[in-house]
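Just below is one structure, and these are the notes that go with it.
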Amino acid sequence: MNLMLFGAPGAGKGTQAKFLIEKYNIPQISTGDILRAAIADKTDMGMEAKKFMDEGKLVPDSTIIGIIKDRLAESDCKDGFILDGFPRTLPQAESLNELMSDMGISLDRVISLNVPDELIVGRITGRRVCPKCGASLHVEFNPSKEEKVCDYCGGELIIRKDDNAETVKSRLEAYHAQTAPLIDFYTNMNVFTELDGTKDVSEVTKDMIESLS
Ligand code: ADP
Ligand code: AMP
């Protein structure tokens, strides 16, 4: 199953991807996570991407497409994958189509988690992430049992550098200007399903699994 989770930053893609990994036993491919790992490793690519990420801007397409090309070629993707946070521009979506066609595969479904901008700000400013296992918790909506400790792996929960009210504004602008046009692109491909992402985490999971069965 080749899936994509679509939606504004903070819509719940990472949160829901964790359930799909378990259900379908396929990997989550988050370009944001890959970029953050490159920053942690201080690679040239990571250092270049960091400038854009810190300002809430999109990283150039050429960098992102290179990342995805390498990642999809890895053996754990052979039975499928969950794209999370990619593609975010039309050129990225077109490159993905070409790449998948060369690999003899296609996208089964794009699931859009719809959440209005007014709710996004609170979700992002309250987000606490675990750099160790990638869990995405929330101080109010999805709190950890123990403060600052990840429920899943015991790692220390942190606030992402770009999760502040200022950067959220530019990230939402980038979403509306550069990513939202993909709604028509995937609707025309007949793979686009919209879900109400404002429901509780478990209800969104239920709707998502139902829409895939
Ligand atoms: P994305 O991967 O789309 O950027 P996340 O999955 O990291 O978004 O979710 C953003 C924040 O919102 C996190 O703090 C997460 O715990 C919280 N969250 C996710 N889904 C919901 C939901 N359905 N209701 C309330 N909060 C949610
Ligand atoms: P995310 O973890 O998905 O919230 O992404 C964090 C940041 O990484 C974004 O604000 C962008 O700067 C960058 N990024 C992640 N994925 C992409 C992508 N597909 N295209 C461009 N920039 C990206």
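Just so you know, these numbers come straight off a predicted model, no measurement behind them. Side chains included, hydrogens not; waters and symmetry mates left out as well; all remaining heavy atoms used. For ligands, and for the atoms within them, numbers begin at 1 and follow the listed sequence.
The nearest protein atom to atom 13 (C) of ligand 2, hydrogens excluded, is given as Leu35 CD1, 3.6 Å; this is a heavy-atom distance. Looking only at protein heavy atoms, the nearest one to atom 6 (C) of ligand 2 is Arg160 NH2, 3.5 Å. Closest to atom 2 (O) of ligand 1 among all protein heavy atoms lies Gly14 N, 2.8 Å. Thr15 OG1, 2.6 Å is the protein heavy atom nearest to atom 6 (O) of ligand 1. Among all non-hydrogen protein atoms, the one lying nearest atom 8 (O) of ligand 2 is Met53 CE, 3.4 Å. Looking only at protein heavy atoms, the nearest one to atom 20 (N) of ligand 2 is Gln92 NE2, 2.9 Å. Protein heavy atom nearest atom 23 (N) of ligand 1, with residue, atom name and distance: Lys199 O, 2.7 Å. The single protein non-hydrogen atom nearest to atom 8 (O) of ligand 1 is Gly12 N, 3.2 Å, given as residue, atom name and distance. Regarding atom 13 (C) of ligand 1, its nearest protein heavy-atom neighbour is Ser136 OG, 3.4 Å.
A distance of 6.0 Å or more separates the ring centres of Phe185 and Phe192.
The shortest N or O to N or O distance between Gly10 and ligand 1 is below 3.5 Å. Distances between N or O atoms of Thr31 and those of ligand 2 include at least one value under 3.5 Å. Ligand 1 has no N or O atom lying under 3.5 Å from any N or O atom of Phe141, backbone or side chain. Ligand 2 has a nitrogen or oxygen under 3.5 angstrom from a nitrogen or oxygen of Gly85. Residue Lys57 has at least one N or O atom closer than 3.5 Å to an N or O atom of ligand 2. Between Arg127 and ligand 1, at least one pair of N/O atoms sits closer than 3.5 Å. Considering backbone and side-chain atoms together, Ser30 places no N or O closer than 3.5 Å to any N or O of ligand 2. Between Gly126 and ligand 1, no pair of N/O atoms sits closer than 3.5 Å. Between Val59 and ligand 2, at least one N/O pair is under 3.5 Å apart. Residue Asp84 has no nitrogen or oxygen atom sitting less than 3.5 Å from a nitrogen or oxygen atom of ligand 1, judged on distance alone.
Partner of Asp163 under the salt bridge (Lys or Arg N to Asp or Glu O under 4.0 Å) criterion, chosen from Arg171, Arg128, Arg123: Arg171.
For Glu48 and Thr63, the side-chain atoms include no donor-acceptor pair closer than 3.5 Å. For the residue pair Thr43 and Asp41, no side-chain donor N or O sits within less than 3.5 Å of a side-chain acceptor on the partner. For Asp162 and Thr167, the side-chain atoms include no donor-acceptor pair closer than 3.5 Å. In the model, Asp200 has no side-chain atom that pairs as donor or acceptor with a side-chain atom of Ser202 under 3.5 Å.
Atoms of ligand 1 lying under 4.0 Å from any heavy atom of Gly197, numbered from 1 in the order shown and given with element: 23 (N). Each of the atoms 2 (O), 5 (O), 15 (C), 16 (N) of ligand 2 lies under 4.0 Å from some heavy atom of Gly32. Short contacts between ligand 1 and Asn142, defined as distances under 4.0 Å to a heavy atom of the residue, involve ligand atoms 16 (O). Those atoms of ligand 1 that come under 4.0 Å of a heavy atom in Asp200, given as number and element, are 23 (N).
Atom CD1 in Ile39 sits 10.5 Å away from atom NZ in Lys42 (nearest 0.5 Å). Note: Phe6 CZ to Thr179 OG1 = 6.0 Å, rounded to the nearest 0.5 Å. Here the CG-CD1 distance, from Leu20 to Ile209, works out to 5.5 Å after rounding to the nearest 0.5 Å. To the nearest 0.5 angstrom, Arg109 atom CZ is 10.5 Å from Met189 atom CE. In this structure, CD on Gln92 lies 6.0 Å from CD1 on Ile65, to the nearest 0.5 angstrom. Note that CD1 of Ile34 and CD1 of Ile68 are 5.5 Å apart. Values are rounded to the nearest 0.5 Å.
Contact between Arg36 and ligand 2 is present, with at least one heavy atom of the residue lying under 4.0 Å from the ligand. For Ala17, the heavy-atom gap to ligand 1 stays at 4.0 angstrom or more. Taking a 4.0 Å cut-off on heavy atoms, Ala11 registers as neighbouring ligand 1.
Taking every heavy atom of both residues into account, Ala174 and Gly56 meet most closely at CB-O, 4.3 Å. Taking both residues in full, the closest heavy atoms of Leu182 and Ala93 are given as CD2-CB, 3.7 Å, listed atom of the first, atom of the second, then distance. Contact record, Asp54 with Lys161: OD2-NZ, 3.3 Å, taken as the closest heavy-atom pair. Residues Ala11 and Val115 approach most closely at O-CG2, 3.8 Å, considering heavy atoms.
Contacts between Thr198 and ligand 1, counted as non-hydrogen atom pairs separated by less than 4.0 Å, are absent for every part of the residue. Using a 4.0 Å cut-off between heavy atoms, Leu58 contacts ligand 2 through both its backbone and its side chain.
Here Glu74 pairs with Arg71 in a salt bridge; the nearest charged N to carboxylate O distance falls below 4.0 Å. A salt bridge links Asp33 with Arg36: at least one charged nitrogen is closer than 4.0 Å to a carboxylate oxygen.
Nearest-residue assignment for atom 9 (C) of ligand 2 (options Lys50, Lys13, Arg88; heavy-atom criterion): Arg88. Scanning Leu137, Val204, Val201 for the heavy atom closest to atom 20 (N) of ligand 1 points to Val201. Selection from Arg123, Arg128, Lys13 by nearest heavy atom to atom 22 (C) of ligand 1 gives Arg123.
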